[in-house]
Each structure stands twice: as structure tokens, then as C-alpha cells.
Protein chains: 2
Amino acid sequence: MPKVVDREARRRAVAGGLLRLAARDGLEAVSVRSVAVECGISPGAVQKLFPSKEDMILRALELTEERLASRYASLADDAGLDAHLRQALPLDEQRREEVIMIIAFSARAAGRPDWGKLLAEGYRTIQDATAELLRRAQRDGLLDADRDAADLAAGLVALSDGFAARLLHLPPDSAEAHGLLRALDASVRALLGITSAGTPPATPGG
Amino acid sequence: MPKVVDREARRRAVAGGLLRLAARDGLEAVSVRSVAVECGISPGAVQKLFPSKEDMILRALELTEERLASRYASLADDAGLDAHLRQALPLDEQRREEVIMIIAFSARAAGRPDWGKLLAEGYRTIQDATAELLRRAQRDGLLDADRDAADLAAGLVALSDGFAARLLHLPPDSAEAHGLLRALDASVRALLGITSAGTPPATPGG
DNA sequence: GACGTCAGGATACGATCGTATCCTGACGTC
DNA sequence: GACGTCAGGATACGATCGTATCCTGACGTC
């Protein structure tokens, strides 16, 4: 046997470099060569790891989904719904990059059924994690038990995704951005059926 | 004076061709040559119309915003809130193309402040139109007058945008897609504060 | 320690890219 | 009707693209 290496680990590292590059310069700046430069390896090495450029980008999408899922999984146990939903918002550089990548992948997934399937599964995972949080709140009496947790979770995820996409195009500390965050907060409370007269904790699980 | 033509009309036509091409094959398939082929003119003619490829794509973004704004403007007078919010959903081929283009432009706008500004203005326009609809409902007594129309409109727009992005990656007539549409409906009613016991018309303005 | 094997890199290929430049022909003025 | 002007097209350029292919050297077995 000749030199043995962990191909999968290398693939993951290259996918990570791709995400760094794409978040900085856009997915349109991704090429086999530019990714190789970003990772400090030769274009030939990148070629050996992925059968095609398309497969390389798909692997980066998978990595993004993995990261998102693990972030939600590690948060679900000890944080409230607010913190949960904020995972989808571009409030710091890391989450901003993730939002940009998901949007870029969404655009490319049009006409690529397998990419769309991956994205749909990612949404489903986040919705399920959110629904689980809501069901716990229902058991604890913090949320009306008559509400459909799955439907409500879908609404909450869509809400934060919609605000996330819009926040991307506003300066982070602008008045308009703060106004949107306030509107998101009010919308979440309205969706949950919390009246303005409610007492803290205003959102379940916090 | 030599041959005189309406440059602006030609630019608009080429931008329209670009949108057709990009909705079909993705924004990454757009090149000066491919757009020229799509429009049935020579690449040289495209070059004469736009100083650069970047400007050409920016013009296509502007055209998309124009189309969206006029769609919302023509609808606001005689349709209900449901029909209004459905403008953002990929429920037919035309709206599906528009959603894809907005998402593709959103991805490219990262790091391009002027593009982001155009997108932010587009969101603002749609939110304002929605808020106007809500204020009318408040005057008509169909909606609680205490609610902040602007915040509520921001929430409704984000909600439909979030569901729109997710619907893109599901087969139009799948069970999951129908489930999402049902969840959207329930979320809109919850946001508006309409209880399940409410009598029709369930949403204002319809 | 000779040798096979494959990782990593170098090189090469045709295709396509954005754009600069030149050509040409139709329209306008006078 | 001669002529200037610019729209539209053709051509050309260097750069970069994805990928196929070849080279080389380190590691493994025996």
C-alpha cells in the first residue's frame, strides 16, 4: 500500500475552504483553481478529491447543512425559542456567511433536483427541531396545547428565514435593521399567541 | 443624425431576455454571448447597450423589481390580503421564475452595496403596499386598530418570502408543499390575530 | 533494498469568457 | 446625391475555465 490519507477529511477541508471563499467573494468566484489557492494546495490535488467541480460545490452544500444541523442540535437543549430562531439571522459574521451560502445554493438548486432535495431536508430538520421545542413548551404549559406544533414551527422558521434574507441587504446597525428585528420579535409573539400584556418569560423555553 | 433607436427599450428587451435565460438555466449561465443568442441579436449589439456584463445584470435586477412593484400596485386595489401575499409564492411558472431571480440576485448582492440597496428598496415597496392594505382593513374594522401596520406588514412579507424560498425546492403538488401552504395560511391568520372561531371573510380585504 | 502503487503536483487542451477594436451599411442633414 | 454619424455586427485578444493526462516521489509490502 502506498501513502494512505483520509480522503474524506481532505474533502471536508476543501469544502470548508470553498465556503470561506464563496462567502467572501460569492459562489460565482468559485473555481477549481481559486479553491485550491484558498486551501493552499494545488489544483491537481483538488481534482483528485472530487470527480467534478459540481460535486465539489455539492459537498460544500452538504457541509453547510451539517454545520447548521449541529448548531441547532446543540442549542435545542439549553436555549429558548428566541435564541433558537436567531440561529437563522445574519447577526454576526459566521451566521451572515451561512445565510449567504444557503441563498446562493438555493439559487443554484433551481433545476438540480438533488440539490433541492438536500435543501428541503435541511429545512425539514430545522423545522422538526423547532417543533420539538414548541412541544416541550406545550408540556410545560407555556404554549397553548391546541396549536399544531409542526405548522407553527414551519411558520416560525419561514418568518426568521424571510427576515434573514431581508437583513442581509441592510447595514447591521442601521435603524431599518433594528426596526426589522423589532418587527420579527413582535411577529414571533403574535404567532405564538402572546398578547402584549403577557408577563416574562415572553417566549417559551427561555 | 444617423439611424436613431430607442436604446432604453432595447436595454429593457435584453434585460428581459437575460431573465428568461437565467430563470431557465441559472444566473451562472448568463454571459454576453448567451444573452445575445437568447435575444436573437449579435454579442456586439449587447455590448453597445451595456458598458459591462455587470451593468447588464444590474439592469435585469431593476427590471425584476419594476415588474414586482407593478404587480403589487395593480393588485392592491381589488384583491384581498391572501391574494396579495400569494404574489410572492412560486405557484405558477411566472412567479416561480421571479422568486428564483430574486434569490439569485440576493446571493450576488453580497458585497455589492448598490445591488443590496435596490433589493432593500424592493422589499420596502412591497412592505409599504402591504401595510396600506392593512391600514384600510383597520379603517374598515376588519383588523385590530392597535396593531402596528408597518411591523405587521414586515412580518407578513417575511413569512411569505420564507415559505416561498422553501416551496421552491418541493414538487408543486407534493403533500409537503400543500402542508406548507396550509401552515402559511394558519400563520397568516395567527399573525393577524384571527382565531380559528372567526367567521368569513377570514382575512381582511378579501 | 527492490518494486508496485497511488497521492499530489505539473502540464496541456480546447472551450468560453469579457471586452477592445475595426468594419459596414443605413439613415440623417445639407 | 454627397457625406458625416452612429447602430449593429464581425473579429481578435488575453485570461480563465474544467478536465484529461502525464510525471514524480514517498510510502507500503515482500
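Just so it is clear: chains get the letters A, B, ... in the order the sequence lines come, proteins before strands, and each one is counted from 1.
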Subject >> Heavy-atom check, side chain of B/L167 versus side chain of B/R96, under 4.5 Å >> reply: no
Original post:
How close or far is atom P of C/dC17 from atom CG of B/L27, stated in whole angstroms?
Top reply: 14 Å
Subject >> Whole-Å gap separating C1' (C/dC6) and CD (A/Q47) >> reply: 16 Å
Original post:
How long is the line joining CZ of B/R10 and C1' of D/dG9, in whole Å?
Top reply: 11 Å
Original post:
So which pairs with a foot in residues 36-45 of chain A pass salt bridge (Lys or Arg N to Asp or Glu O under 4.0 Å), sequence neighbours left out?
Top reply: A/R20-A/E38, A/R24-A/E38
**OP:** Indicate the atoms forming the closest heavy-atom contact of B/V35 with B/V30, along with that distance.
**Re:** CG2-CG1, 3.8 Å
Original post:
For DNA chain C, what residues of residues 105-116 of chain B have any heavy atom nearer than 4.0 Å?
Top reply: none
Original post:
Among pairs that include at least one residue of residues 119-130 of chain A, which meet salt bridge (Lys or Arg N to Asp or Glu O under 4.0 Å), considering only residues two or more places apart or in two chains?
Top reply: A/R124-A/D128, A/R124-B/E176
**OP:** Decide yes or no, distance alone: a donor-acceptor N/O pair under 3.5 angstrom between the base of D/dG8 and the side-chain of B/K48.
**Re:** yes
Original post:
Can you name the side-chain hydrogen bond (donor to acceptor under 3.5 Å, both in side chains) partners of A/Q94, sequence neighbours left out?
Top reply: none
Original post:
When the distance from CE of A/M56 to P of D/dG18 is rounded to whole Å, what number comes out?
Top reply: 7 Å
Original post:
To the nearest Å, how far apart are B/D6 CG and D/dC6 P?
Top reply: 17 Å
Subject >> DNA chain C contacts made by residues 32-44 of chain B, counting heavy atoms under 4.0 Å >> reply: B/V32, B/R33
Subject >> Nucleotide C/dT16, atom C1' - distance to NZ of B/K53 in whole Å >> reply: 11 Å
**OP:** Note every stem involving DNA chain D: at least three consecutive Watson-Crick or G-U wobble pairs, i with j then i+1 with j-1, with both distances under 3.5 Å.
**Re:** C:1-30 with D:1-30
Original post:
Which of these nucleotides, C/dG8, C/dG18, D/dA7, is closest to any side-chain atom of A/A45?
Top reply: C/dG8
Original post:
Among all residues two or more places apart in sequence or in another chain, which pass the side-chain hydrogen bond (donor to acceptor under 3.5 Å, both in side chains) test with A/T125?
Top reply: none
Subject >> Residues which pass side-chain hydrogen bond (donor to acceptor under 3.5 Å, both in side chains) with A/Q87, listed by chain and number, not counting sequence neighbours >> reply: A/R71
**OP:** Check salt bridge (Lys or Arg N to Asp or Glu O under 4.0 Å) between B/R59 and all other residues, then give those that pass, not counting sequence neighbours.
**Re:** B/E8, B/E62, B/E66
Original post:
Rounded to whole angstrom units, what separation is found between the CD atom of A/E8 and the C1' atom of C/dA7?
Top reply: 16 Å
For residues 151-161 of chain B, tabulate all N or O donor-acceptor pairs below 3.5 Å that involve a side-chain atom, not counting sequence neighbours.
residue	atom	partner	partner atom	Å
B/D151	OD2	A/R182	NH1	2.8
B/S160	OG	B/L156	O	3.2
B/S160	OG	B/V157	O	3.1

Subject >> Test salt bridge (Lys or Arg N to Asp or Glu O under 4.0 Å) applied to A/D92 - qualifying residues, sequence neighbours left out >> reply: A/R95
Original post:
From D/dA7, D/dG8, C/dG18, pick the nucleotide closest to the side chain of B/R7?
Top reply: D/dA7
Original post:
Between A/F50 (CZ) and C/dA7 (C1'), how many Å, whole number?
Top reply: 15 Å
**OP:** Could I get the full list of side-chain hydrogen bond (donor to acceptor under 3.5 Å, both in side chains) partners for A/R108, not counting sequence neighbours?
**Re:** none
